[in-house]
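Below is one structure; the comments refer to it alone.
Just so you know, ligand 1 is whichever comes first in the structure, and atom 1 is the first atom listed for that ligand. Residue numbers start at 1 and run along the sequence shown.
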Amino acid sequence: MGDNGKMYVPEDILPVYRDNVIPLADIITPNQFEAELLTGLKMTNLKEALNITEALHQKGVKTVVISSSELGDDTTMIGIASTPNECYKIEIPKVDACCTGTGDLFAALFLAWHYKTKNDVKLSLENTIATLQTIVQDTYRKARVSVTSGEIPPALMELQLIQNKAAVENPTSNIKAIKIK
Ligand SMILES: Nc1ncnc2c1ncn2[C@@H]1O[C@H](COP(=O)(O)OP(=O)(O)O)[C@@H](O)[C@H]1O
Ligand SMILES: Cc1ncc(COP(=O)(O)O)c(CN)c1O
């Protein structure tokens with residue numbers, strides 16, 4: 001729906017997502033901005049994040065995953081995966097560039113792992129972030145070869161998906177999700 005305070009779908013679609021689509025969904029993967037729009041609540045700390053995931057569960061969604069949030073520091077973003085019974089957070093090291101398509105990739109990976117692990121949200125979150133880290137970092141490293149300083153143009157940040165097929169099939173990472181509920 002949007003990111004960084006801006007919607008990229010028409011604004012009048014918001015009530016349709018919020019009131020009609022969300023109650024039909026089993027799993028949703030909004031980023032922080034989208035989760036705030038869908039609930040009308042703000043997320044400035046972990047407690048508020050839990051209020052937001054709870055509000056989305058109340059609408060009938062079994063698995064709520066916040067793909068990224070600004071709850072980390074300058075070097076990390078926080079992801080959250082929640083069911084009515086348990087909730088995990090994960091710290092995601094940031095690269096200094098804007099990525100497009102990462103939200104879509106996140107949703108696809110999480111769905112696949114959720115199915116494959118029979119609803120293990122902790123492992124699904126860890127594997128999803130492991131693959132994304134490999135792909136985002138490889139994309140950034142290659143872009144930095146041609147733009148050695150300053151901002152990287154979005155065209156150079158096309159995700160290196162095919163080149164990292166192995167990281168999709170076999171994610172490896174030391175980043176563990178931490179239980180917060
Ligand atoms: N700048 C970044 N640095 C590192 N990882 C990123 C960055 N941007 C996105 N990602 C990865 O992509 C995932 C989804 O990104 P997010 O920003 O939530 O999606 P969207 O594009 O929908 O806003 C994050 O969980 C993270 O793993
Ligand atoms: C219009 C539009 N722009 C950009 C994107 C990319 O979003 P993201 O980086 O969150 O995957 C999407 C997601 N499908 C989109 O629909």
Heavy-atom count check: over 12 atoms from other residues, nucleotides or ligands less than 6.0 Å from [X] [atom1]?
{"X": "K116", "atom1": "NZ", "answer": "no"}
{"X": "Q163", "atom1": "CD", "answer": "yes"}
{"X": "K42", "atom1": "NZ", "answer": "no"}
{"X": "E11", "atom1": "CD", "answer": "no"}
{"X": "L24", "atom1": "CG", "answer": "yes"}
{"X": "E70", "atom1": "CD", "answer": "no"}

Would a distance-only check, ignoring hydrogens and angles, find a side-chain to backbone donor-acceptor pair under 3.5 Å from [X] to [Y]?
{"X": "E36", "Y": "M43", "answer": "yes"}
{"X": "S69", "Y": "I78", "answer": "yes"}
{"X": "N164", "Y": "Q160", "answer": "yes"}
{"X": "Q133", "Y": "P93", "answer": "yes"}
{"X": "T131", "Y": "T128", "answer": "no"}
{"X": "E34", "Y": "N31", "answer": "yes"}

To which protein heavy atom is [atom] closest, and what is the distance rounded to 0.1 Å?
{"atom": "atom 25 (O) of ligand 1", "result": "S67 O, 2.6 Å"}
{"atom": "atom 1 (N) of ligand 1", "result": "V95 O, 3.1 Å"}
{"atom": "atom 22 (O) of ligand 1", "result": "G103 CA, 3.3 Å"}
{"atom": "atom 13 (C) of ligand 1", "result": "L132 CD1, 3.8 Å"}
{"atom": "atom 23 (O) of ligand 1", "result": "D3 OD2, 2.5 Å"}

Check ligand 2 for close polar pairs with the protein: N or O on both sides, less than 3.5 Å.
unit_1	atom_1	unit_2	atom_2	d
ligand 2	7 (O)	Y8	OH	2.9
ligand 2	9 (O)	G101	N	2.7
ligand 2	10 (O)	Y8	OH	3.1
ligand 2	11 (O)	G101	N	3.4
ligand 2	11 (O)	G103	N	3.1
ligand 2	11 (O)	D104	N	3.0
ligand 2	14 (N)	D104	OD1	3.2
ligand 2	14 (N)	D104	OD2	2.9

**Request:** Check each atom of ligand 1 against the heavy atoms of N31 and keep those under 4.0 Å away; list them by number with element.
**Result:**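 Counting from 1, the qualifying ligand atoms are 18 (O), 20 (P), 22 (O), 23 (O).
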**Message:** If the cut-off is 4.0 Å to any non-hydrogen atom of P93, which atoms of ligand 1 fall inside it?
**Reply:**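 Result: 4 (C).
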**Request:** Report yes or no: does a heavy atom of A97 sit under 4.0 Å from some atom of ligand 1?
**Result:**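 In this structure, A97 qualifies as a contact of ligand 1 - some heavy atom is under 4.0 Å.
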**Item:** Close approach of S69 to ligand 1, heavy atoms, under 4.0 angstrom
**Value:**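 Flag not set, S69 not near ligand 1.
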Do ligand 1 and [X] have nitrogen or oxygen atoms that lie under 3.5 Å from each other?
{"X": "S68", "answer": "yes"}
{"X": "I92", "answer": "no"}
{"X": "T102", "answer": "yes"}

**Request:** Answer with side chain, backbone, both or neither: which part of I129 has a heavy atom less than 4.0 angstrom from an atom of ligand 1?
**Result:**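 Contact part for I129 vs ligand 1: side chain (C-beta onward).
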**Asked** Out of M77, E34, M1, who gets a non-hydrogen atom closest to atom 5 (N) of ligand 1?
**Response**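 It is M77 that holds the nearest heavy atom.
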**Request:** Evaluate the side-chain proximity of L56 to T39: yes if any heavy-atom separation is below 4.5 Å, no if none is.
**Result:**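 SC-SC contact between T39 and L56 confirmed.
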